[in-house]
Amino acid sequence: MANRLLEVEGLAKHFRGGGNWLSSGGDSIRAVDGVSFSVEEGETFALVGESGCGKTTVAKMILLLERPTRGAISFQGKDVSSFRGGSLREYKRLVQAVFQDPYSSLNPRMQVLDIIGEPLRVHQGMRGRDLRMRVGELLENVGLNPVTASFFPHQFSGGQRQRIAIARALALRPRLIVLDEPVSGLDVSIRAQILNLLVDLQRDLGLSYLLISHDLAIVEHMSHRVGVMYVGKMVELATRDEFYGNTLHPYSNALLSSVPQPDPDVPMGTTIGGEVASPINPPSGCRFHTRCPIYLETNMCREVEPEWREILSEHLTACHKVEPAVV
Amino acid sequence: MANTSMQIVSPTTLWAVRVRSVLGGLRRAPKIPSLVLLVFMIFAAFGQWIAPYSPVAVDMAASFSPPVWHEEGSADHLLGTDKLGRDILSRLIRGARVSLSLSLFVIGLGGGVGVVLGLISGYSGGKVDAVMQRGIEVILAMPTILVALVFVFAVGRSFESVILILSPFLAARFARIVRGETLSVRERDFVAIAKVIGTPTWMILLKHILPNVFNTIIVLATLEVGHLILLESSLSFLGVGVPPPQPAWGLMVADGREFLTSAYWITLFPGLCILAAVLSLNLFGDWLRDTLDPRRRQL
């Protein structure tokens, strides 16, 4: 197996409820509540789930934008929270991000040269001709004309803006790029171009991606392994082919069957009703039991939190109803 | 196929884009406000050579002469004289320096400090923000005029003491508004990306936050000029402003107040100057705001 690049162990983030010095505040919001997975060298690990399930909070913790309440993140075998000074700089060089909204992720007051050049200036003190050369090269890598370096973001379309954001993420030759819904903000006609660009860059540069998405079609196209989250917890983790071929968890099944099929003769699968449970006061036992199609009023599902078990090789899930094939 | 380096954007192109946008912007500068401000700036800089009389030369024989277009008016005093026979036109020209430089100093000093405090307060959040905001509230809650009275009696009446006492009030107003804007800008994704990259905080403030709150700063600064000229006149009226006989527009308005019915020109002309300056600055500020925003530029 390839080398482990990033490992996340029991990661949790609880936000304090809106209290002030007069009231101690409501219950804490358990946005992420014990998530473990890893990203290998050169692979795409996809994190999927409905909105509000904590995917983005996981990404923010990995990017050091939020501090975990519990759990550990390690990068190349070293604990990220212990990074200081030089090692922290190195981490910030090797881990980059592309966010969902290309209108918000580019500073409207900067020329493209300065946007893509920012990481190069900060980390390598690059300037003048070297900087222009490198930015031009990066623009070509993402399929834009280098003369556009003098333009401002408003002169580009959404897809072109996302290409600029990708060029900026590539500038420091990172190992891992966190892609938080990289194409959700784009027109459908542009999505394939950006996804193919990302796949090509991964192949050419040996990048690892942590892909955060709610779109299962994109995940199938891009990823090597898939993790499904529901209300702050991981409910299933498997390789792509296992996940799409042999789904174990009822929530994953419901997600997959809700993907529209292009063939009108194929009936819609069983969809689930109800709302995503609230992370402020998550259901007891299995968090999915309130919406679970195979929940049969057993106390087990309602009261006991299901164990995170390896059911098949490299295929883990947390469900009382799924029995391990190998014990 | 050209050599790759040939395609790389040249520094001249980068600068050409910037220069062209500045020139394009200048062409769209508002004509009349620019002219008005230019004239006032020339008065402020070269007033002593332009003004026909000394602004403090008393000529009791010519007191209350009306402007030239009145029957009793004379060409000696185009805009008439005040109760001491001082030439209104000369006082207006020399007063431009006091009124404008006072506003500029207060905006430069108070506004500058306020912007820095607002950026820090809004960006850091948490305890730092809470403490700074309480401090700002204390300043904003104080009655400007009363504090100025006490301060000027303690320190002495001078141009500098007026600047010193008005600056903290202006700083508080700037800090409050810049903080609010900063709170919204710091949540934008490009700031998060800059943190991911590891851009130092001072650079995030300078390159990402400040340019995006600049619109607000410009608008606020132009609005505050008017406010400051009026404050200066209130202080002068109470006897703690710019010390007479130095001419300042606000002071002149206050001087003429008693004679409004008999000699309107003492009050009217400095009032018109204040109006023209404030209005021009506002229009000029609108233009500056649009020009500095790349989205509104037409290349």
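Throughout, protein chains are lettered first and strands after them, A, B, ... in sequence-line order, and every chain is numbered starting at 1. We use all heavy atoms of the structure for the numbers below, so side chains are in, but hydrogens, waters and symmetry mates are not.
- To the nearest 0.5 Å, the span separating CG on A:Leu63 from NZ on B:Lys195 amounts to 11.5 Å.
- Few gaps surround CZ on B:Arg134; more than 12 heavy atoms of other groups in view lie less than 6.0 Å from it.
- Most heavy-atom pairs under 4.5 Å with chain B: of the set A:Leu106, A:Asp114, A:Leu64, A:Ile115, this distinction falls to A:Leu106.
- Note: A:Arg121 CZ to B:Thr199 OG1 = 11.0 Å, rounded to the nearest 0.5 Å.
- Between A:Ser105 and B:Phe190, the shortest heavy-atom contact is O-CB, 3.4 Å.
- Among all heavy-atom pairs drawn from A:Ser104 and B:Asp189, the shortest one is OG-N, 2.9 Å.
- A:Lys92 and B:Gly198 make their closest contact through CD-CA, 3.5 Å (heavy atoms, listed as atom of the first residue, atom of the second, distance).
- Only the backbone of A:Val95 comes within contact range of chain B, with heavy atoms under 4.5 Å apart.
- Crowding of B:Ile32 atom CD1: a count of heavy atoms from other residues, nucleotides or ligands under 6.0 Å not exceeding 12.
- Here the closest non-hydrogen pair linking A:Asn107 and B:Lys207 is ND2-O, 3.1 Å.
- Within 6.0 Å of CZ in A:Phe83 there are more than 12 heavy atoms belonging to other residues, nucleotides or ligands.
- With chain B as the partner, the residue from A:Gln100, A:Arg168, A:Arg89 showing the most heavy-atom pairs under 4.5 Å is A:Arg168.
- Other residues, nucleotides and ligands contribute only 12 or fewer heavy atoms inside 6.0 Å of the CZ atom of B:Phe214.
- Here the closest heavy-atom approach between residue A:Glu118 and residue B:Ala194 is recorded as OE2-CB, 3.5 Å.
- When heavy atoms are compared at a cutoff of 4.5 Å, A:Gln96 approaches chain B by way of both its backbone and its side chain.
- At a threshold of 4.5 Å between non-hydrogen side-chain atoms, the residues A:Arg109 and B:His208 do not count as touching.
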